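Single-structure report; data block below.
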Amino acid sequence: MRQNSPTPHHTSGITIHDLARRLRALPPSLGPVRLIGVDGHAGSGKSTFAGHLAAALDGAPVLHLDDIASHDELFSWTARLTAQVIEPLGRGESARYTPYDWTLRAFGPPRVLPPAPVLLVEGVGAGRRELRPHLAALLWMELPAPESWARGRRRDGEAQREFWDGWTEAERAHFAGDPSRPHADLTVRATPEGYEVLPGPASPLRPGLCDPDSHRQ
């Protein structure tokens with residue numbers, strides 16, 4: 001479900017390199033780690049943006065929630081993420097998680113995730129209620145659900161039509177009970193030139209992340 005990164009960065013708003021600088025300056029939120037959530041609807045471009053941001057952060061690791069979720073647990077994966085990732089990182093230790101193979105429908109061998117200064121967690125539900133206390137910042141990809149889902153369906157093709165039918169209902173239910181966007185510090189919009197990063201609904205809660213004069217180049 002991941003896409004190759006498009007062309008560089010950005011028109012107005014906080015540039016992606018300035019965003020990286022601001023994220024590095026935040027206090028750690030999980031042991032020594034600044035855990036940054038990138039949430040949004042499926043198909044909104046979270047993986048691609050997280051790849052750009054990770055590059056601007058000099059290769060910061062990215063945890064894809066596609067590797068944590070499964071066919072049987074589209075959204076009920078919090079306990080596994082907590083045990084495999086959150087708790088070890090909180091102790092300053094490397095996490096070891098078992099990525100899910102969506103083709104084989106099975107969890108694979110463990111992967112090691114070191115406690116880097118900045119670590120990105122991207123995917124639908126990255127800003128869920130149980131994770132927010134561990135986040136240094138939450139970013140929301142600003143693309144409406146119908147447009148996001150249409151992009152995702154085009155990307156995955158007819159073979160995944162039945163899966164997408166079930167997914168959209170599950171995602172609707174998830175965000176109805178546990179919306180992420182109201183808690184986002186920043187919103188991210190894709191533009192033809194790259195990205196626009198602007199204050200989110202919760203931006204006053206992170207005064208160091210969004211300064212009044214930072215939203216235009």
Side-chain angles (χ1 to χ4, degrees), residues 1-6 33 35-55 57 59-86 88-89 95-114 116 118-132 134-135 138-143 145 147-175 178-181 184 188 190:
M1 297 180 71
R2 319 217 217 294
Q3 303 173 14
N4 293 330
S5 297
V33 175
L35 189 65
I36 309 300
V38 181
D39 206 338
H41 298 291
S44 61
K46 299 178 299 299
S47 297
T48 301
F49 173 74
H52 278 311
L53 182 55
L57 287 162
V62 181
L63 175 64
H64 301 281
L65 290 178
D66 283 353
D67 290 336
I68 303 297
S70 69
H71 283 92
D72 295 329
E73 296 178 316
L74 293 179
F75 288 100
S76 56
W77 38 256
T78 305
R80 184 167 59 256
L81 179 68
T82 299
Q84 295 184 356
V85 177
I86 299 298
L89 292 178
R96 291 173 63 86
Y97 68 98
T98 52
Y100 184 71
D101 188 313
W102 289 85
T103 301
L104 298 178
R105 292 176 174 253
F107 290 97
R111 290 181 187 168
V112 176
L113 192 64
V118 182
L119 192 155
L120 308 180
V121 54
E122 74 81 19
V124 182
R128 71 190 321 171
R129 186 178 296 112
E130 294 89 346
L131 293 188
R132 287 196 293 270
H134 306 295
L135 297 178
L138 175 60
L139 281 57
W140 174 266
M141 297 301 296
E142 192 78 309
L143 191 69
E147 189 174 347
S148 296
W149 295 339
R151 286 181 55 187
R153 286 178 182 272
R154 288 194 300 270
R155 177 192 65 203
D156 293 345
E158 182 64 21
Q160 296 296 322
R161 180 175 60 83
E162 185 176 347
F163 173 80
W164 269 96
D165 290 344
W167 171 269
T168 53
E169 291 305 311
E171 186 181 309
R172 263 194 205 96
H174 166 70
F175 280 135
D178 189 2
S180 294
R181 190 183 183 281
V188 182

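This one's a predicted model, so the numbers in the text were calculated from it and none came from an experiment.
In this structure, W167 has its ring center closer than 6.0 angstrom to the ring center of F75. Remark: aromatic rings of F163 and W102 are close, center separation under 6.0 Å. Here H41 and W140 bring their ring centres to under 6.0 angstrom of each other.
Between the CG atom in D66 and the CG atom in L63 there is a gap of 10.0 Å [rounded to 0.5 Å]. With rounding to the nearest 0.5 Å, the separation of CG in D39 from CZ in F175 is 4.5 Å. One distance of note links NZ of K46 with CG of L139; it measures 12.5 Å at 0.5 Å rounding. Summarising the geometry, atom CD belonging to Q160 is positioned 10.0 Å from atom CD belonging to E158; distances are rounded to the nearest 0.5 Å. Distance check: L74 CG to L65 CG gives 12.5 Å after rounding to the nearest 0.5 Å. Here the CD1-CG distance, from I86 to L131, works out to 5.5 Å after rounding to the nearest 0.5 Å.
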Task: Candidate pair L53 and L120, rule side-chain contact (heavy atoms from CB on, under 4.5 Å), full reasoning - done: CA-CA 9 Å; L53 182 55; L120 308 180; 4.0 Å; yes
Open item on the list: Quick one, E171 with V124, criterion side-chain contact (heavy atoms from CB on, under 4.5 Å). Give me CA distance, side-chain angles, the key distance, then yes/no.
Closed with: CA-CA 8 Å; E171 186 181 309; V124 182; 4.0 Å; yes
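Ion pair R132/D178 flagged as a salt bridge, since at least one NZ, NE, NH1 or NH2 atom sits closer than 4.0 Å to an Asp/Glu carboxylate oxygen.
Under the side-chain hydrogen bond (donor to acceptor under 3.5 Å, both in side chains) test applied with Y100, the options E73, H71, R80, R105 reduce to a single match, H71.
A side-chain donor-acceptor contact under 3.5 Å links T78 and R128. Side-chain contact annotation: E122 with S47, donor-acceptor N/O pair under 3.5 Å present.
Looking at heavy atoms from C-beta onward, D67 lies out of side-chain contact with T98 at the 4.5 angstrom threshold. The shortest side-chain heavy-atom distance between R161 and R153 falls under the 4.5 Å cut-off. Residues P110 and Y97 form no side-chain contact, since every pair of their non-hydrogen atoms from C-beta on lies 4.5 Å or further apart. Between V38 and V121, the closest side-chain pair of non-hydrogen atoms is not below 4.5 Å. Using a 4.5 Å cut-off on side-chain heavy atoms (C-beta onward), L89 and L119 make contact.
When all heavy atoms of A126 and G37 are compared, the pair lying nearest together is CB-CA, 4.3 Å. The shortest non-hydrogen separation linking P61 to V118 is CD-O, 3.5 Å. Nearest heavy atoms, A69 versus F107: O-CE2, 4.5 Å.
Because its NZ or CZ atom is not both nearer than 6.0 Å to the ring centre of W149 and within 45° of the ring axis, R172 does not count as a cation-pi partner of that residue.
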